[in-house]
Amino acid sequence: MTVRTRFAPSPTGYLHVGGARTALFSYLFARKHGGAFVLRIEDTDLERSTVESVNAIMEGMTWLGLDYDEGPFFQTERFERYSQVIDELLEKGLAYRCDCPRERLDRLRDTQMAAKVKPRYDGHCRGREVDPDKPHVIRFKNPVDGAVVVDDLIRGRIAFANAELDDLIIRRSDGSPTYNLTVVVDDADMGITHVIRGDDHVNNTPRQMNILRALGQEPPRYAHVPMILGADGARLSKRHGAVSVVAYREQGYLPEALLNYLVRLGWSHGDQEVFSLEEMIALFDIADVNKSAAAFNTDKLDWLNQHYIQQGDPRHIARLLSPHMGHLGIDPSQGPDLVDVVAAQGARAKTLVELAEISAFCYRDFDAYDEAAAKKHLRPVAREPLTRVRAGLEMLALQDWQPETLHHVVEQVAAELDINMGKVAQPLRVAVVGRAASPGIDLTLQLVGKAATLRRIDKALAFIAEREAAA
RNA sequence: GCUCCCUUCGUCUAGCGGUUAGGACGCUGGCCUCUCACGUCGGUAACAGGGGUUCGAAUCCCCUAGGGAGCGCCA
């Protein structure tokens, strides 16, 4: 039997990191076993489902590279099928009509809570004849005794007494089917062999297995993955910052970094931390997934992101960086090759947003000096080194504007003045970059270019003079 | 309240009866060095508590504590 897994989000919001990880596990499991991964949109809640959410979910999956083999299927397009199944259950006496009014249900619930027992439907309509033409719902006739055993691929064996379960509604009074019915029908119809989903569904599993069996179907294997918590250990929510997968893209994270981070949240393969998608597929084993919830830690994600910015092909990173330059109002084609900038700066940024910010100086003059840097390095003592460097640089032909020659000029000035390299390079760096941090001074000068370099040195000399006059 | 589940450094985790309890992030000290970063070497820090079982428990069992999920005509 070939493996078939699915990701079945309800389109009531964006794709968040928890859902993304569930999708990832599902995807990896299918790929690992040469099976199929299907996407199903569970949009039976017409009140809350939106097309925007459907698009947002698909956008997130596409960005992460979680391609599906089948779908997306929409449950709203399968209402006839659900209806047919419900009628079948009704005919076979495995489901029944119920017209219990809300008030009765509310009262029942209240007394049960007061009696400290789990609130559940009491089966009042089980043996009653309910007029099909009057408003009613259809309930599934859950087995009264015995137990349902779930052999969870992650949790192990979990047993539920049928006595704990009640007769759940499978068709609403408006005729629409409910979740527990639709998943079961879809999973069966779509030949899903392994249901990998969030562990908020464990309690639904025995009900679903009972329905499945009533339908004469063998239940699939289940694997319930634990949830993802915020950094503070509380349930992940908006106040934890970005929870939407697409928001991470906007904040300058690489999809490979987020994927790598997510796969390590709850899953591990020995001591290995870095995984390409191919490695994940090759090494993934559902049995290696943890049972407990994990906290989302941005520091580690940052580390991975920096790792991928640093290790990735600069051309690839440059392509992803380009839009972030655009956000700063910079057109990367007007200046040094962005690929060279990435190669020079990659190790210095945790995100593409940061990378863009610290690289802006290559494309345009900065507005103001970093105060501390200017105070420390743009002092009267720097006038002589800067002046000499400027003279040396000015004499360079454009084709000599290369790291080796640039380095030589700076070195030469330091030697002439019998001072440390840093006494020349640092003022120069602040003059050209505006800050005290940048790649090696030779690379920095190369990226900035001759014209801008000379212009900025002049500006720095003026700044020093001004400052001296003010003192 | 009831049902089900979870519990190793601050965080992510390795461990599957015998280990100086390992790795990673973070933090931190040194080295490298024209700055920052990278890199590199080192340090910090954990088996929730209590009972068993066993020659021997982080590993198996029970209890307690803490945490979570579910208990909808939501999914």
Side-chain angles (χ1 to χ4, degrees), chain A residues 8-12 42-45 47-49 75 98 102 105 109 112-120 135-139 150 152 155-156 158-161 163-166 168-180 182-183 198-206 224 226-227 229 231 233-235 261 264-274 288 290-304 306-307 310 345-350 358 373 377 407 410-411 414 420-430 433 435-442 444:
Chain A
S10 62
T12 53
E42 309 216 320
D43 55 351
T44 53
D45 184 348
E47 302 278 301
R48 298 192 298 161
S49 298
Q75 292 192 319
C98 165
R102 297 257 184 185
L105 266 18
R109 185 193 162 77
Q112 285 169 330
M113 288 291 264
K116 298 185 192 303
V117 296
K118 183 199 273 192
R120 73 259 246 198
H136 66 275
V137 299
I138 309 291
R139 288 182 184 272
V150 184
D152 195 281
R155 303 304 178 108
I158 308 170
F160 297 85
E164 290 295 333
L165 276 26
D166 64 355
L168 68 155
I169 292 172
I170 54 177
R171 176 187 280 160
R172 301 184 183 96
S173 46
D174 68 359
S176 64
T178 60
Y179 168 74
N180 280 298
T182 60
V183 252
D199 71 359
D200 46 333
H201 287 291
V202 276
N203 292 288
N204 287 325
T205 307
H224 288 96
M227 57 184 293
L229 275 20
R235 191 179 184 142
Y261 179 70
R264 280 288 290 104
L265 218 49
W267 175 79
S268 61
H269 181 73
D271 284 341
Q272 189 171 342
E273 294 289 350
V274 177
D288 290 331
N290 266 302
K291 296 177 186 176
S292 47
F296 193 96
N297 179 244
T298 307
D299 283 337
K300 190 155 185 184
L301 171 60
D302 282 348
W303 172 74
L304 274 167
Q306 177 163 33
H307 171 86
Q310 207 179 158
Q345 293 273 56
R348 292 178 174 75
K350 293 187 188 309
I358 62 169
H377 299 291
H407 188 264
V410 177
E411 211 170 36
N420 292 331
M421 182 79 171
K423 290 273 194 289
V424 184
Q426 278 307 85
L428 182 55
R429 172 171 281 112
V430 176
V433 181
R435 287 176 291 112
S438 83
I441 195 65
D442 42 7
T444 300

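Proteins come first, then strands; the chains are lettered A, B, ... in the order of their sequence lines, and each starts at number 1. FYI, side chains are in, hydrogens and waters are out, and symmetry mates aren't considered; it's all heavy atoms of this structure. A quick note: this is a predicted structure, and the numbers were derived from the prediction, not measured.
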Within the structure shown, what part of the strands sits under 4.0 Å from [X] by heavy-atom distance: base, sugar-phosphate, or nothing?
X      : result
A:K118 : base
A:I158 : sugar-phosphate
A:V137 : base
A:S292 : sugar-phosphate
A:P206 : nothing
A:A294 : sugar-phosphate
A:Q310 : sugar-phosphate

Is [X] near enough to [N] that one of its side-chain N or O atoms lies under 4.0 angstrom from OP1 or OP2?
X      : N     : value
A:S268 : B:C12 : no
A:K300 : B:A24 : no
A:N290 : B:U8  : no
A:R109 : B:C71 : no

Nearest to the side chain of [X], heavy atoms from C-beta on, is which of [options]?
X      : options             : result
A:N203 : B:A24, B:C25, B:A69 : B:A69
A:N297 : B:C71, B:A75, B:C25 : B:C25
A:I169 : B:C73, B:A37, B:C25 : B:C73
A:D271 : B:G22, B:C12, B:A69 : B:G22
A:W303 : B:G26, B:C73, B:U13 : B:G26
A:R235 : B:A37, B:A69, B:C12 : B:A69
A:Q426 : B:C73, B:U35, B:G70 : B:U35
A:Q306 : B:C38, B:C4, B:C36  : B:C38

Given atom [atom1] of [X] and atom [atom2] of [N], what is their separation to the nearest angstrom?
X      : N     : atom1 : atom2 : result
A:R435 : B:C36 : CZ    : P     : 13 Å
A:H307 : B:A37 : NE2   : C1'   : 16 Å
A:F160 : B:C5  : CZ    : P     : 7 Å

Donor on one side chain, acceptor on other, [X] and [Y], under 3.5 Å:
X      : Y      : result
A:S176 : A:D174 : yes
A:R429 : A:Q426 : yes
A:T44  : A:T182 : no

Would you state whether a donor and an acceptor, one from the side chain of [X] and one from the base of [N], lie under 3.5 Å apart?
X      : N     : result
A:D200 : B:G70 : no
A:N204 : B:A75 : yes
A:R155 : B:C5  : no
A:E273 : B:G23 : yes
A:S173 : B:C73 : yes
A:R120 : B:C71 : no

key: Check: A:Q345 side chain, A:I358 main-chain N or O, donor-acceptor pair, under 3.5 Å   = yes
Work out how far the [atom1] atom of [N] is from that of [M], and round it to whole angstrom.
N     : M     : atom1 : value
B:U13 : B:A48 : P     : 15 Å
B:G10 : B:C5  : C1'   : 25 Å
B:A45 : B:C9  : C1'   : 5 Å

query = Which sits closer to the 5' end of RNA chain B, A:E164 or A:M421, going by the nucleotide each is nearest to?
reply = A:E164
inquiry  = Could you check whether any side-chain heavy atom of A:D166 comes within less than 4.5 Å of a side-chain heavy atom of A:K118, counting everything from C-beta outward?
reply    = no
Pair A:Y179 and A:H201, ring centroids less than 6.0 Å apart = yes
